[in-house]
Participant: 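Take this structure first; my questions come after.
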There are 2 protein chains.
Amino acid sequence: MDRVLTGSSPQVLRALNARRVLDHAWDVDAFTASDAMAWTGLTRSTVIGVCDHLVRQGWLDEVDDARAVGDYRKGRPARRYALSDRAAVVVGLDAGYDHMTATVADLRGTPLARSTVGIPARTPESIDRLADAEARRAFARRTIEQAIASSGVDPRQVLAITVGVPAPVDDAGRSPGHHWFWELVNPGFGSTLAGLAPIVQIENDANLLAIAEGAVEEGRGRGVHSYVAMVVGEGIGSGLMIDGRLIRGRRGGAGEMRFLDRVEGVGSPDGLALLCRAWAIEAIRSGTLPEGSLLGRLDPDTLRESDVEEAADAGDAAAIAILDRLGDRLAVICLVVGDLLDVDLVIVGGAIADALPAVIRRARATLADSDDPTAPELVASRLGPEAVGTGAIHYALGLVRERALDLAPGARHVA
Amino acid sequence: MDRVLTGSSPQVLRALNARRVLDHAWDVDAFTASDAMAWTGLTRSTVIGVCDHLVRQGWLDEVDDARAVGDYRKGRPARRYALSDRAAVVVGLDAGYDHMTATVADLRGTPLARSTVGIPARTPESIDRLADAEARRAFARRTIEQAIASSGVDPRQVLAITVGVPAPVDDAGRSPGHHWFWELVNPGFGSTLAGLAPIVQIENDANLLAIAEGAVEEGRGRGVHSYVAMVVGEGIGSGLMIDGRLIRGRRGGAGEMRFLDRVEGVGSPDGLALLCRAWAIEAIRSGTLPEGSLLGRLDPDTLRESDVEEAADAGDAAAIAILDRLGDRLAVICLVVGDLLDVDLVIVGGAIADALPAVIRRARATLADSDDPTAPELVASRLGPEAVGTGAIHYALGLVRERALDLAPGARHVA
DNA sequence: CCGAATAGATCTAGAGCCTAGATTTATCCG
DNA sequence: CGGATAAATCTAGGCTCTAGATCTATTCGG
């Protein structure tokens with residue numbers, strides 16, 4: 001911060017080493033100079049110089065728990081450093097169709113505050129393009145500002161904001177304009193939020209689910225490097241994490257599932273929650289259900305997916321048939337995507353993961369029985385409704401981590 | 001080379017700058033210190049130091065055509081440097097099912113020598129796993145050694161060898177063992193070739209086609225960053241270049257096309273050349289062809305794809321119908337892959353690009369007529385039979401370019 | 001043919017960053 | 001309280017970079 005370098009200069013080396021140390025600092029609770037020496041191969045003098053540098057910049061804190069931890073027995077106790085997790089924060093905004101949730105989290109990803117607003121529903125008929133876009137941008141900004149306020153951090157400490165939307169998003173943060181829904185849910189948040197943080201990024205919600213799942217997996221042992229995260233509910237979207245990185249495609253449309261209308265045994269890109277209801281209603285109205293059918297007693301107008309699952313649990317044959325059909329459908333989708341992309345694992349989130357676990361069980365069984373040696377494993381997301389927000393946080397943290405040294409973390413005004 | 005560094009040291013900076021300069025040197029014919037200053041933002045003194053360094057290592061030559069080129073008008077003429085393209089070479093081996101072709105190329109990718117051998121055909125019945133594997137490894141080594149010998153370069157100048165095989169290949173260069181064909185065509189070349197070059201890499205042939213097409217496109221203007229390269233002949237394989245990088249998947253199986261048996265209007269992963277012959281034979285044997293049909297006159301036992309195309313060109317209705325069917329099939333494949341991966345462009349190589357251009361024309365027309373706003377463009381590869389070899393060369397060059405400074409190029413023994 | 005004008009090459013300090021090794025400091029242990 | 005031990009600090013020296021002065025090769029106009 002104190003000096004801006006033209007091109008490359010002697011200080012570049014220092015910056016490089018600082019980067020290496022800081023990056024490792026993210027993965028541990030605290031560390032000593034000896035740890036950093038092992039990480040980097042640098043001399044103790046150098047490492048200490050680098051750490052001092054990072055402390056001065058606000059990235060590291062010197063934590064004096066050398067004796068408290070009890071990690072050592074003999075010799076002079078080592079100074080210990082730790083990522084200054086309260087020095088800066090990031091914000092993740094889950095900007096869904098009918099609600100928005102902003103989460104403020106520290107540099108470790110621990111949520112500090114959360115704020116939610118509901119949004120009036122819109123249909124292609126009731127939409128007012130410009131007004132609704134403007135309203136949505138205002139909702140987003142207000143939700144984020146509320147979350148920041150209730151977290152109690154200085155707004156200047158926000159280094160990055162990530163917004164998750166249910167639409168494909170290209171490198172510049174835009175969604176294709178030829179679709180009313182995409183245009184509605186991604187009305188160009190960039191300019192509205194630009195003032196709130198040095199980094200603002202829009203991202204597809206399924207991609208964020210993929211990132212969230214990856215972060216969780218990494219937490220428990222080794223990360224999986226190729227998997228697909230599917231958001232299955234009213235529609236189907238997917239985030240493709242292949243070879244350890246997210247596949248976006250030309251216009252951010254990678255993972256779109258329209259092609260399912262050409263797959264045998266699928267035939268449409270509809271979401272399984274939608275189909276579950278549609279098939280149940282069809283069965284009820286067909287009048288072919290047997291006398292005491294549980295499914296038959298449901299009201300077609302207020303019926304929900306979970307009602308069908310309950311009926312099936314209670315042994316209703318027609319409900320079981322619907323879930324079986326949905327399970328087979330999901331299995332076929334997994335096989336197709338798994339084959340083309342050679343992934344290990346498909347993680348399903350969205351409405352279906354919560355409301356229709358039996359569908360996922362059924363699809364798992366079908367996959368296990370298949371003779372395909374490369375059939376992927378299928379699991380339900382365990383992240384629940386905060387999944388997209390969590391992914392947004394982790395994505396934002398990744399952005400901060402990448403460019404950490406360009407972003408001095410706040411002016412270190414201790415509260 | 002003269003000193004091995006422990007961890008990071010002051011010399012790291014020099015290495016970093018050398019890397020930057022050298023990397024740019026690859027993209028230009030020759031350059032002056034002023035050019036390098038613009039690239040790197042370094043001082044003239046520093047740049048000249050770096051260039052001297054690279055000349056001493058053998059990567060650059062000082063070319064004294066300052067006045068010959070006529071690039072300047074006034075002032076002291078600048079010293080000019082150029083990548084020493086003859087200082088080192090790479091080898092690409094196209095290791096197909098029934099033949100192998102090795103190509104030796106200089107650091108610019110210009111072919112210097114080529115050597116081909118035919119390989120006895122094998123079927124699941126006639127195969128002798130161990131003996132055939134050993135024979136194939138020997139063929140590969142011999143073909144490469146022949147090509148190097150006929151190129152006249154010192155074998156120690158070979159910095160990298162890439163082998164392209166018609167099978168999925170994982171990070172370690174292995175193909176899944178559960179398939180006789182894959183096991184046959186990739187019998188583990190790594191250990192056999194390890195002595196011939198410091199870098200040896202096995203890669204899938206469709207991936208190499210993708211790299212070759214990318215290198216060609218980059219040559220003529222800006223490179224496309226998301227496209228699919230398909231090798232269509234007896235089977236269909238594809239190389240997925242998305243967001244500027246090759247998608248491999250867990251076991252290197254990304255781009256496999258077995259899932260096509262689940263796509264409506266396709267139904268099998270068979271190659272279009274195979275189907276073309278099969279359908280033609282079926283038509284001939286069905287006895288339903290009209291009296292003077294050109295197609296009817298062909299001998300089912302010796303018929304080739306190009307015969308069908310010729311018949312269609314001459315107006316034969318049955319032949320035209322076959323090509324139309326093939327074209328529709330190809331269009332559907334493009335739509336499915338294009339949708340899931342959001343690619344701009346599908347490039348088709350293999351037997352079909354040469355023998356059945358009408359199929360590609362027909363598929364192009366179908367795609368253009370489709371109401372899909374994201375339908376990819378379809379083009380035939382123009383690289384011909386050397387495509388895989390060219391891709392192998394470019395892949396090897398990429399590897400050399402990445403690790404250039406770890407590989408001093410030869411001992412500079414001028415011929 | 002000669003002397004500006006021009007632009008690249010070289011030279012000279014000086015500063016930053018790193019290493020290696022000697023010295024000092026903080027702590028445990030008997 | 002005096003080793004033993006491991007971390008921190010200090011010192012000297014080397015490498016690489018920058019900035020700016022000086023030198024050199026060439027064109028061009030008179």
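The sequence lines fix the lettering, A, B, ..., with proteins before strands; numbering per chain opens at 1.
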Participant: Nearest to the side chain of Gln11(A), which nucleotide is it out of dT18(D), dT5(D), dG16(C)?
Facilitator: dG16(C)
Participant: Should the ring pair His24(A) and Trp39(A) be called parallel, tilted or perpendicular, given that the plane angle runs from 0 to 90° and is split at 30 and 60?
Facilitator: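 Parallel, since the angle between the ring planes stays under 30°.
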Participant: Under 4.0 Å from OP1 or OP2 of dC17(C): is there any side-chain N or O of Asn17(A) that close?
Facilitator: no
Participant: Starting from P on dT16(D), measure out to CZ on Arg20(B) and report it in whole angstrom.
Facilitator: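 Roughly 16 Å, once rounded to whole Å.
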Participant: Strictly below 4.0 Å: does Arg79(A) bring a side-chain N or O up to OP1 or OP2 of dT9(D)?
Facilitator: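 The answer is yes; a side-chain N or O of Arg79(A) sits under 4.0 Å from OP1 or OP2.
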Participant: Going by the rule side-chain hydrogen bond (donor to acceptor under 3.5 Å, both in side chains), which residues pair with Thr103(B) if we only count those two or more places apart in sequence or in a different chain?
Facilitator: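 side-chain hydrogen bond (donor to acceptor under 3.5 Å, both in side chains) list for Thr103(B), sorted by chain: Arg114(B).
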Participant: How close or far is atom C1' of dT22(D) from atom CZ of Arg44(B), stated in whole angstroms?
Facilitator: 14 Å
Participant: Does Ser34(B) put a side-chain nitrogen or oxygen below 4.0 Å from OP1 or OP2 of dG8(C)?
Facilitator: yes
Participant: In whole angstroms, how far is the P atom of dG30(C) from the NZ atom of Lys74(A)?
Facilitator: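 About 10 Å, once rounded to whole Å.
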Participant: Within the structure, does a side-chain N or O atom of Arg14(A) lie under 4.0 Å from either OP1 or OP2 of dG16(C)?
Facilitator: no
Participant: When you measure from the side chain of Thr46(A), which nucleotide among dT10(C), dT19(C), dT18(D) comes out closest?
Facilitator: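 Looking only at side-chain atoms, Thr46(A) lies closest to dT19(C).
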Participant: In whole angstrom, give the distance that lies between atom CZ of Phe31(A) and atom P of dA7(D).
Facilitator: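 Rounded to the whole Å, the gap is 15 Å.
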Participant: Atom CE of Met37(A) to atom P of dT9(D): distance rounded to whole Å?
Facilitator: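 Rounding to the nearest Å, CE of Met37(A) and P of dT9(D) are 13 Å apart.
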Participant: Could you please name the option among dT18(D), dA8(D), dA7(C) that lies closest to any side-chain atom of Ile48(A)?
Facilitator: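 So the side chain of Ile48(A) is nearest to dA8(D).
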Participant: Check this for me, if you would: do Arg401(B) and Asp23(B) make a salt bridge, where the nitrogen-to-carboxylate-oxygen distance has to be below 4.0 angstrom?
Facilitator: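 Yes, Arg401(B) and Asp23(B) are salt-bridged.
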Participant: Rounded to whole Å, how long is the line connecting atom CD of Glu62(A) with atom P of dA7(D)?
Facilitator: 15 Å
Participant: Can you confirm whether the side chains of Ser34(A) and Arg44(A) place a donor and an acceptor under 3.5 Å from each other?
Facilitator: yes
Participant: In whole Å, what is the span from the CG atom of Leu16(A) to the P atom of dG16(C)?
Facilitator: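 For the pair Leu16(A) CG and dG16(C) P, the rounded distance is 19 Å.
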Participant: Quiz question: going by heavy-atom distance under 3.5 Å, is there a donor-acceptor pair between the base of dT25(C) and the side chain of Arg76(A)?
Facilitator: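 Check passes, donor-acceptor contact within cut-off.
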Participant: Whole angstrom is fine here: how far is it from CG in Asp52(B) over to C1' in dT16(D)?
Facilitator: 14 Å
Participant: Can a donor-acceptor pair be found, under 3.5 Å and without considering hydrogens, that links the side chain of Arg250(B) to the backbone of Ser226(A)?
Facilitator: no
Participant: Going by modelled atom types, is there a donor-acceptor pair between the base of dC10(D) and the side chain of Ser45(A) at under 3.5 Å?
Facilitator: yes
